[in-house]
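By convention in this document, chain letters (A, B, ...) are assigned in the order of the sequence lines, proteins followed by strands, and residues within each chain are numbered from 1.
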Protein chains: 2
Amino acid sequence: MRRSKKERQQLLSSTIQENPFITDEELAEKFQVSVQTIRLDRLELSIPELRERIKTVAEKRFDDEVRSLPLEEVIGEIIDMELDQSAISIFDVKEEHVFKRNQIARGHHLFAQANSLAVAVINDELALTAKANIQFKRSVRLNERVIAKARVMNIDDVTGRTLVQVSSFVNNELVFTGDFQMYRSKNN
Amino acid sequence: MRRSKKERQQLLSSTIQENPFITDEELAEKFQVSVQTIRLDRLELSIPELRERIKTVAEKRFDDEVRSLPLEEVIGEIIDMELDQSAISIFDVKEEHVFKRNQIARGHHLFAQANSLAVAVINDELALTAKANIQFKRSVRLNERVIAKARVMNIDDVTGRTLVQVSSFVNNELVFTGDFQMYRSKNN
DNA sequence: GAAAACTTATGACTAGGTACTAAGAGTAGT
DNA sequence: ACTACTCTTAGTACCTAGTCATAAGTTTTC
């Protein structure tokens with residue numbers, strides 16, 4: 001025996017993890033054992049065959065592509081709404097919303113929740129954000145539930161410009177505030 | 001012939017592009033022709049076999065993983081970067097970024113591009129946004145290319161707080177500006 | 001009606017396996 | 001020393017999703 005079985009299997013695992021595109025034959029050559037031994041090892045370690053490995057890598061990529069359009073619809077779920085007055089939405093912070101390094105939610109998701117709530121609360125076909133003044137009060141972490149509350153502060157009778165104040169909370173603790181100055185297409 | 005050859009081949013192309021995981025047999029079933037016809041079609045269109053297709057998808061993913069580890073969490077593509085000084089990114093506005101009604105880009109995407117550029121330009125493991133003051137100068141439409149330029153304005157020696165100014169342009173026309181006050185974990 | 005284009009069938013071969021059986025080598029216990 | 005056990009190797013039949021080449025049948029076009 002060139003190496004103990006255990007040692008070989010550990011190396012095998014890491015080798016395949018590092019490069020899933022390697023065939024049993026290449027592995028046999030690398031570890032100086034027969035192809036059958038490699039296959040027994042894979043069986044014991046329940047490592048799938050080359051083609052299956054490649055397939056899952058490819059499928060993951062496909063999933064990622066779908067997942068990486070996270071800013072698509074209205075961010076968060078609107079649970080209460082009085083047009084031109086107030087609105088509330090909830091947003092659950094998941095894996096895809098946080099920095100991998102520190103599990104803190106990326107700012108633009110909190111902004112997106114608040115901004116799209118500000119857009120939604122306005123009783124108009126075509127509301128757009130003109131300006132915003134925002135503050136991140138404390139960082140939001142993975143799995144926290146953010147509740148955003150929007151209040152329409154005043155509507156300029158002439159221009160239709162509207163100020164919307166949004167405050168976001170996690171467990172009643174303020175995490176984000178934003179003042180949004182919104183355009184309207186028509187003055188309702 | 002259920003469909004002309006040309007028509008079938010065009011559909012074949014797009015079908016495979018959309019779902020590279022489909023076998024010749026499934027395609028034959030779908031187009032109501034024999035497997036051999038599908039194979040001739042693939043030959044003429046030089047579309048590789050299932051396994052090769054899956055492999056290239058998987059390989060791309062591997063490439064992506066290596067290339068985009070640090071910049072992966074950035075919205076838009078960074079094309080220039082001097083840490084703690086300046087950075088530029090481009091962001092192409094696609095279908096998924098606009099309001100369906102009027103084809104205008106949703107504000108939070110412009111914010112996300114600017115904000116993540118502000119995060120990236122800071123030479124620190126853990127940069128977070130504290131405050132931001134933003135203005136949407138004119139609305140950005142479908143298929144426009146937004147170029148965001150970030151400049152680090154000043155770094156507080158004591159707190160490490162950093163002001164980053166971001167201006168975004170479409171064809172040299174200013175569409176967005178933002179002042180981002182950023183935290184750092186350590187004072188470099 | 002023949003030529004050209006298209007479609008289908010058939011057979012031999014491939015990579016990279018699975019599943020199973022069988023046999024030999026090395027080591028440990030008694 | 002003999003047996004029991006683990007580990008390794010070999011070989012066979014079978015699988016999928018193809019390739020390549022040849023041939024034959026079917027339409028379409030001139």
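Remark: P of C/dT27 and NZ of A/K6 are 18 Å apart, rounded to the nearest angstrom. Atom CG in A/D41 sits about 16 Å away from atom P in D/dT6, given to the nearest Å. Rounded to whole Å, the distance from CG on A/L43 to C1' on C/dG17 is 12 Å. Between the P atom of C/dG16 and the CD1 atom of A/I38 lies a distance of 15 Å, rounded to the nearest Å. Atoms CD (A/Q32) and C1' (D/dT9) sit 14 Å apart, rounded to a whole Å. B/E44 has its CD atom 15 Å from the C1' atom of D/dC20, to the nearest Å. At whole-Å resolution of the value, NZ in A/K5 and P in D/dT8 are 6 Å apart. We find that CG of B/L40 is positioned 12 Å from C1' of C/dA5, with the value rounded to whole Å.
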I'd like a table of donor-acceptor pairs (distance under 3.5 Å, sequence neighbours excluded) in which one partner is a side-chain atom from residues 87-95 of chain A, with atom names and distances.
unit_1 : atom_1 : unit_2 : atom_2 : d
A/S89  : OG     : A/Q113 : NE2    : 3.2
A/D92  : OD1    : A/R145 : NE     : 2.7
A/D92  : OD1    : A/R145 : NH2    : 3.4
A/D92  : OD2    : A/R145 : NH2    : 3.0

Could you list the donor-acceptor pairs under 3.5 angstrom formed between side-chain atoms of residues 127-135 of chain A and any protein atom two or more places apart in sequence or on another chain?
unit_1 : atom_1 : unit_2 : atom_2 : d
A/T129 : OG1    : A/N115 : OD1    : 2.7
A/Q135 : OE1    : A/K137 : NZ     : 3.0

In a table with atom names and distances, give each donor-acceptor pair under 3.5 Å that connects a side chain of residues 45-53 of chain A to protein atoms at least two apart or in another chain.
unit_1 : atom_1 : unit_2 : atom_2 : d
A/R53  : NE     : A/P20  : O      : 3.1
A/R53  : NH1    : A/P48  : O      : 2.9
A/R53  : NH2    : A/P20  : O      : 3.3
A/R53  : NH2    : A/I22  : O      : 2.5

Show each protein N/O and nucleotides 15-17 of chain D N/O combination with a separation under 3.5 Å, one pair to a line.
unit_1 : atom_1 : unit_2 : atom_2 : d
D/dT16 : O2     : B/R51  : NH2    : 2.6
D/dA17 : O4'    : B/R51  : NH2    : 3.2
D/dA17 : N3     : B/R51  : NH1    : 3.1

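A donor-acceptor pair is defined here as one N or O able to donate and one able to accept, closer than 3.5 Å; no such pair exists between the side chain of B/S86 and the backbone of B/E82.
Using a 4.0 Å heavy-atom criterion, one finds that B/R53 contacts no nucleic acid atom at all.
In the hydrophobic clustering, where aliphatic and aromatic side chains (Ile, Leu, Val, Met, Phe, Trp, Tyr) are joined below 4.5 Å either directly or transitively, B/L163 groups with B/M153.
For A/E29, the CD atom counts as loosely surrounded, since its 6.0 Å shell holds 12 or fewer non-hydrogen atoms of other residues, nucleotides or ligands.
Between C/dT8 and B/T37, a contact under 4.0 Å exists linking OP1 or OP2 to a side-chain N or O. Phosphate contact (OP1/OP2 of C/dC6, side-chain N/O of B/R8, threshold under 4.0 Å): absent.
In terms of the salt bridge (Lys or Arg N to Asp or Glu O under 4.0 Å) criterion, residue partners of A/R138 (sequence neighbours excluded) are, by chain and number, A/E144, A/E173.
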